[in-house]
Amino acid sequence: MNDKFLTPYNPQETEPRIARAWEDSGFFNPEKMIAAGIIPSDAPAFSMVLPPPNVTGTLHLGHAMMLAVQDIMVRFHRMKGDKTLWLPGTDHAAIATQSKVEKNLQKEGVRKHDLGREEFLKRVEEFAQASHDTIVSQVRRMGSSVDWSREAFTLDKIRERAVRTAFKRMYDDGLIYRGDRIINWDPKGQTTISDDELVYVDEKTKFYYFKYGPFTIGTARPETKFGDKYVVMHPDDKRYAEYRNGQKLELEWINGPITATVIKDEAIDMEFGTGVMTITPWHSAIDFEIAERHELDKEQIIDQYGKLLPIAGEFAGLKISEARPKIVEKLESKGLLVKVEEDYMHRVATAERTGGIIEPQIMKQWFVDVKKEFTILHSKLSGIADGQKATLKELMRAAVENGQIKILPDRFEKVYFHWIDNLRDWNISRQIWYGHRVPVWYKGDKIHVGVEAPQEEGWEQDPDTLDTWFSSGLWTFSTLGWPDETDDLKTYHPTTILETGYDILFFWVARMILMSTYLLGDIPFKTVYLHGLVRDAQGRKMSKSLGNIIDPVDMADKYGADATRMALIIGTGPGNDIRLSEDKIKAYKLFANKLWNITRFVLSNSEDFDPQDDSSGMHAEWTDEFENILKDVTSDIENYRFYLAGEKLYHYVWHRFADQIIEESKAMLQDPQKRRQTQAALRKILADSLKALHPFMPFITEEIWSLMPGNGGKPEDMLMVEKWPVKVQ
RNA sequence: GCGCGAUUAGCUCAGUUGGUAGAGCAAUCGAUUUACACUCGAAAGGUCGGGGGUUCGAGUCCCUCAUCGCGCACCA
């Protein structure tokens, strides 16, 4: 027996060493497995992309859980003999990264405009590079068996070509257009953001009623009312039956007399307020739609910094917060204020990244049209034929509806459909500097959309960048070499499974389905497995301000990556949030040590055991029982019940194998008749336990495996490439 | 407003297709110098949120209510 077993298991020394040995073997790369003769070249493929972490800093426990779950699947399939690819990378995360760097610069008293675009981008790239390096080392530290030789970045040269190719195709098909439409403007970040990047915050505010000619209108935002010259009511509202659509009224308003026009529109809720409202099409999505329907004028009231424009007369130049009380005061003095409700609850849209209060604005932006029909040339989607016409919405819906993509837990399919039904055109241009520059060039009134810039002089590229999800939407195939028809693409796409958090179902999962069904006519993955969020022991979200963040690398250093992984897996159902405390991680460190001592007992009691000599057979009662458990565990893993599989193994190894079988074996080992068959059974159970536990606790199992008699030294002898202990269909 | 989830032992949670309630932690009692004190054993602890229904049988299926949490929409 190796002397190492005389002291307790030491994850700190073991884990980094094992991690290096795995990488040196090259077996995270499936082609190396084939070259070494471990699997045949026609083995079935299992492929998965790592959801690329944002290069905004370091990984948290949520990432660690994701890595653990995915590594379980990957190691299981690798041992099963599949051609297994887990493809890693990072996400430039455009606005998230840029605002992080801006905040850091602010601490030094530097603003991005002082640096200029080029210099600022250099700073962002330095930051991104540093984050990337940290993240990569963290992924390695957790034992994740990703194929580094294929590592990708959403903003590298190869992905840039993919992004531009995708953009051009969509543009040529009329699915990307540039237009003056209402968008979400973030005055703080000085950029537009998509509907999905909004965070609604409940706010208590005053709600004002003003006299508007013969009507009373209600508003929480008096400062937008300057340009209001349309008064809208429901066509069926009997209270206002005497007014006709298009009727003109002369009335007194904030800065003097105006001519107002009556509009009848069904968007009005008769129950709300007085059933009458004036509209501000430039700063409200609903108002914008009404204005579009009736071809009404639109006027801008508030500028991009949140200040009133000259249309506000004496109030021009004031900020919203300053202007509001003064405007109310003026209306009151003119006798136009009817009443004020004090505690009006409403929701304010804020920007997810900057916290800025969103001001809807009409701006010239780039959009993806999700409702426009186009002709699909090559379709591998069931129910969609080559040459058929469809919209992006229809493709996204079809891929899940026809069962080609399965979302787990399946309740999220409903959520997904609901999101598609409410989906509006996707605003993809951002007024930030970090990201893929919009691949469009202008010269006078000429426009060029392409993968390459025009050769001649005088063309200027669009200054905007693309929404970060535009590039991550291509991830399953841009990482495999698309737009080229590569071998990787043929072998590994569609990917087998996508494992990610339910919080990015819309942001990312839906966009990948959009991009893949459109550009490839195929699904990006067959199964989506959604995990929950990691919370602290009290069920709170982990955040810096609460000071309850647990760093996965700290935990790995303290208790071992194996223990951290187990704590993140056990007790976690798909789609459910999990609570994690340091005590739980500690408990699995004890388990690692238990496994270590089991080995110590088995090896020290079988030094005279000769595996070649099977004259006395094996104590089959134990091994048969374990085989049944292993079959059960295998089926749990195949059906994504990792928490059950892990728990069953934990329970068996500790409370059956150690507490009962080993205790019983002590007497049997003393009996010369039974000694050999007992040893054979103990060895067999230990070996199979290590194999089955390997996907969960890869480090300690690999280490013990390498110290078992007869398992010597060569890379292809490593446990990570051993055969799974029971047959799998 | 629409939808989803949760509610099971003091705490954290399992319970896969309906077949007499489970684990871990905590608390209680006991054991223990050779695999392991980073240990082992024992006992204790629940009318499975309330009510109704389907069924021979419901924690599990259906209806309803309550509390908590989440998503989406609206918010003039």
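All values reported here derive from a predicted model rather than from experimental measurement.
- Residue contacts for A:N639: at a heavy-atom cut-off of 4.0 Å it reaches no nucleic acid atom on any strand shown.
- Nearest nucleotide to the A:R641 side chain, out of B:G41, B:G71, B:U16: B:U16.
- Put simply, CD1 on A:I578 is 18 Å from P on B:C70, counting in whole angstrom units.
- Position along RNA chain B of the nearest nucleotide to A:R411 versus A:L644 favours A:R411 as the more 5'-ward residue.
- For the pair A:K339 and A:Y209, the cation-pi criterion (under 6.0 Å, within 45° of the ring axis) is fulfilled.
- Side chain of A:K589, nearest nucleotide from B:C38, B:A35, B:C72: B:C38.
- Across all strands shown, B:C2 pairs with B:G71; the Watson-Crick or G-U wobble distances both stay below 3.5 Å.
- Dashed line: the shortest gap from a side-chain N or O of A:W654 to OP1 or OP2 of B:C40 is under 4.0 Å.
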side-chain contact (heavy atoms from CB on, under 4.5 Å) between A:T527 and A:Y640: does it pass, once the steps are laid out? CA-CA 11 Å; A:T527 302; A:Y640 312 105; 3.8 Å; yes

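- Remark: B:C36 base-pairs with no nucleotide in the shown strands. Criterion, Watson-Crick or G-U wobble with two distances under 3.5 Å.
- Side-chain proximity of A:I286 to B:A35, B:C75, B:C38: nearest is B:C75.
- Looking at heavy-atom distances under 4.0 Å, A:N422 makes contact with sugar-phosphate atoms alone, never a base.
- At a threshold of 4.0 angstrom between heavy atoms, the contacts of A:I598 include nucleobase atoms, whether or not backbone atoms are also involved.
- Nucleotides B:G45 and B:G22 have their P atoms positioned 14 Å apart, rounded to a whole Å.
- At a threshold of 4.0 angstrom between heavy atoms, the contacts of A:A592 with the nucleic acid are absent.
- Residue A:Y502 places no side-chain N or O under 4.0 Å from the OP1 or OP2 atom of B:C4.
- The residue among A:T599 and A:A587 whose nearest nucleotide of RNA chain B is located toward the 5' end is A:A587.
- Contact annotation for A:T219: backbone-only contact, meaning every heavy-atom pair under 4.0 Å involves sugar-phosphate atoms and none involves a base.
- Listed by chain and number, the residues in a side chain to side chain donor-acceptor pair (under 3.5 Å) with A:W282 are A:Q361 (sequence neighbours excluded).
- In this structure, the ring of A:F215 has its center less than 6.0 angstrom from the ring center of A:Y243.
- Of the candidates B:G71, B:A35, B:C38, B:A35 carries the atom nearest the A:K666 side chain, counting heavy atoms from C-beta on.
- Contact between the side-chain N/O atoms of A:H655 and the OP1/OP2 oxygens of B:G24 is found at a separation under 4.0 Å.
- Across B:G3 and B:A43, the matching C1' atoms stand 47 Å from one another, rounded to whole Å.
- The number of heavy atoms from other shown groups lying within 6.0 Å of NZ (A:K584) is above 12.
- Relative to the side chain of A:H418, the nucleotides B:C74, B:A35, B:C72 differ in distance, and B:C72 lies closest.
- Distance from the side chain of A:L590 is smallest to B:U39 among B:U16, B:U39, B:C75.
- Per the geometry, NZ belonging to A:K584 stands 9 Å off P belonging to B:C13, to the nearest Å.
- At least one donor-acceptor pair under 3.5 Å links the side chain of A:S606 to the backbone N or O of A:V602.
- Taking atom P on both B:G18 and B:G59, the two are 13 Å apart, rounded to the nearest angstrom.
- A sub-4.0 Å separation between OP1 or OP2 of B:G24 and a side-chain N or O of A:K648 is absent.
- Checking B:A14, B:C36, B:A73 against the side-chain heavy atoms of A:Y643 singles out B:A14 as nearest.
- Under the Watson-Crick and G-U wobble criteria, each requiring two contacts below 3.5 Å, nucleotide B:A9 is left unpaired.
- Rounded to whole Å, the distance from CD on A:E647 to P on B:G15 is 9 Å.
- Using Watson-Crick or G-U wobble geometry with both donor-acceptor distances under 3.5 Å, B:U47 finds no partner in any strand shown.
- Pair check for B:G41 finds B:C29; Watson-Crick or G-U wobble, both atom distances under 3.5 Å.
- In this structure, A:R600 is not positioned above the aromatic face of A:F5 in the sense of NZ or CZ being under 6.0 Å from the six-membered ring centre and within 45° of the axis.
- At a threshold of 4.0 angstrom between heavy atoms, the contacts of A:I268 include nucleobase atoms, whether or not backbone atoms are also involved.
- Side-chain proximity of A:H651 to B:A35, B:A73, B:A23: nearest is B:A23.
- Residue A:K414 places none of its side-chain N or O atoms closer than 4.0 Å to OP1 or OP2 of B:C2.
- Using a 4.0 Å heavy-atom distance criterion, A:Y200 is classed as a base contact.
- At the heavy-atom level, A:I662 lies under 4.0 Å from base atoms of the strands shown.
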